[in-house]
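This report concerns only the one structure given below.
We name chains A, B, ... by the order of the sequence lines, and we start the count at 1 in each one. Note that these values count all heavy atoms, side chains included, but never hydrogens, waters or copies made by symmetry.
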Number of protein chains: 2
Amino acid sequence: MPPRVKNAAATREAMLAAARQRFLQESYENVGLRDIARDVGVDVALVGRYFGSKEELFKEVLRVGKKADWLDPTVTSVELPAYLASLSTEEDDADRRQHAEGLLIMLRSASSPKAAEIIREALRESVLEPIARLLPGKDPEIRSSLALSVFFGTTVLRTIMAVGPLSGCDTNAMRRSMQRLLDAALTEDTGA
Amino acid sequence: MPPRVKNAAATREAMLAAARQRFLQESYENVGLRDIARDVGVDVALVGRYFGSKEELFKEVLRVGKKADWLDPTVTSVELPAYLASLSTEEDDADRRQHAEGLLIMLRSASSPKAAEIIREALRESVLEPIARLLPGKDPEIRSSLALSVFFGTTVLRTIMAVGPLSGCDTNAMRRSMQRLLDAALTEDTGA
DNA sequence: AGCTCATGTCAACGGCCGTAGACATATCAT
DNA sequence: ATGATATGTCTACGGCCGTTGACATGAGCT
C-alpha cells in the first residue's frame, strides 16, 4: 500500500517538531498557530484537536527536550562546569543540543505571561533540581541557579540580542570565558 | 491661576512615566497603549499624537535612563565589579536604580521583533561602549559584554522567571555571588 | 465677550489572533 | 461495495491590537 496520506500520529509529531522550531526562533506570543500549521501544510484547527490549546502545545514542546535526562549520573561535579560550558558551543552531541535548545526556548518566552508558569515549572523540575542534586557542598540550589544564569546571560546577548562582541567571538575563547564564569558560579560562598 | 487642566508637556511626561512603569513589568508586545493611556486617565489616541508610534514611545522610554550617564569617569576598573554588583541589590541610589531599570526594560522585551533593534542600539551606545571604554587590558568589548551577561542572567532568573533560590536569596550573599561572577567576567583571557 | 488654536475625545478601521463547530474526505472493516 | 470512523478542512466568531481622521472642548489673547 502507498504510504498513508492520513496519519494522526505522524502529523501530530510533525506539528510538534514545527512548533519546536518556531518557539526556538520567536517568543510564545510571536509564534502564531497559523505559522506552525502552514509549516506542516495543515489546517490551524488541528492544533486544537491534537493539543487542546496553544499553552498545552507549548508544554508538550518543552517535554520533548526532557526525554534526554540532564547529566549522566556518572558526571561528577568537577566535570559539570565543562559540560555546561559546552552547551553553548558544542553542536554535534545530540543530547547537548536538545538541552541547549530547551533552555533557549524557555529564555525566549520568559516574559510571556501565558508561558511564564509553564516555563518556571519545567525549569525547576527538569533542569535546576537535577543539577542541584549533583552538587556537593552548601546551597546547591543557589549555585545551580547561578550556573544557569551564566548560560542565560550569555545566550541573551549572543543569540537573542545578537550583540556583536559575543556573537562573533572565537569559539575557544568563548568556552574559556564560560568555564571561568561557571567556576565562579559553582564556587561555595565562604561568607567572607 | 489654578493648575492647568490641559497641559501638553505635563501629559506627555506623565504618559512617558506610565509607559516606563508598564515596560518595566511586561514585554513590548504585552504592554498595550490602552493600558498606558488608562494609567494617565487619557485617551489612546494621544500616544499617536505625542510619540508618533509605539516603537517611538519605546525608544523614548529607553532614552529616559540615558540621562544619568553610565559610571562616573572617576570610577576606576577595580570599583567596576562592585558597582555592577550593586545594580541588582542597591535600592536607594537614584542613578543606579535608573540604570538597573533601563536594563530590565531591555531584557524584558529582548525577544520582541519590533523592539529588538531599538534595544540593540540603546544597549551598545549607552551601556556596552561606556563600560568598555573604562576597561583596561585586552578585549574590553568582550569583557564588558560578559559583565552585562552576568547582570542579565541573574536578573532573568531572579526577576523575570521568579525562580526561588535567587529571588529569595539573602542580599549580602547575592552581592557576594555577583561580585565573584563579575570578577570572572572582567578577567582578561590569558588564552590558556 | 468672542475668537482661535492647542489639547484631548470619540468612533471606527483593518488586521491578526486563538478557538469552536459544522462539514468534507480518506481509510479501514465488513 | 457500503457503511462507519478517524482524519483533516472551512468558516466564522469574539477579542484585542495600533493607528487614523473627524470632532469636541478647554485655555489664552485681544
SB check B:R38 B:D35 (cutoff 4.0 Å): yes

Charged N to carboxylate O under 4.0 angstrom, A:R133 versus A:E141? no

Starting at [atom1] of [X] and ending at [atom2] of [N], how long is that distance when rounded to a whole Å?
X: A:E26; N: C:dC17; atom1: CD; atom2: P; value: 11 Å
X: A:E29; N: D:dG15; atom1: CD; atom2: P; value: 20 Å
X: A:E56; N: C:dA20; atom1: CD; atom2: P; value: 11 Å
X: B:K114; N: D:dG18; atom1: NZ; atom2: P; value: 8 Å
X: A:M15; N: C:dG18; atom1: CE; atom2: C1'; value: 13 Å
X: B:R38; N: C:dG8; atom1: CZ; atom2: C1'; value: 17 Å
X: B:D43; N: C:dA11; atom1: CG; atom2: C1'; value: 10 Å
X: B:R49; N: D:dA22; atom1: CZ; atom2: P; value: 12 Å

Side chain of [X] (C-beta onward), nearest among [options]:
X: A:L33; options: D:dT9, C:dT9, C:dG18; value: C:dG18
X: B:R34; options: D:dG8, C:dT9, C:dA12; value: C:dA12
X: A:L46; options: D:dT19, C:dT19, D:dG8; value: D:dG8
X: A:A8; options: C:dT19, D:dG18, D:dG8; value: D:dG8
X: A:A45; options: C:dT19, D:dT9, C:dA12; value: D:dT9

Using a cut-off of 4.0 Å on non-hydrogen atoms, how would the nucleic acid contact of [X] be classed: base, sugar-phosphate, or nothing?
X: A:G48; value: nothing
X: B:V40; value: nothing
X: B:V42; value: sugar-phosphate

Using only side-chain N and O atoms of B:Y50, determine if any of them is under 4.0 Å from OP1 or OP2 of C:dT7.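 For C:dT7, neither OP1 nor OP2 has a side-chain N or O of B:Y50 closer than 4.0 Å.
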
Can you find a side chain N or O atom of B:T11 that sits less than 4.0 Å from OP1 or OP2 on C:dG8?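 So the side chain of B:T11 is within the cut-off, an N or O lying under 4.0 Å from OP1 or OP2 of C:dG8.
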
Taking A:E188's backbone N and O only, do any of them form a donor-acceptor pair with A:K138's side chain (distance below 3.5 Å, no angle check)? no

With no hydrogens and no angle check, is any side-chain donor or acceptor of B:R143 less than 3.5 Å from a backbone partner on B:P136? yes

Cation-pi between B:K114 and B:Y28: NZ/CZ under 6.0 Å from ring centre and within 45° of the ring axis?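 Relative to the ring axis of B:Y28, which defines the angle, B:K114 lies outside at least one limit.
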
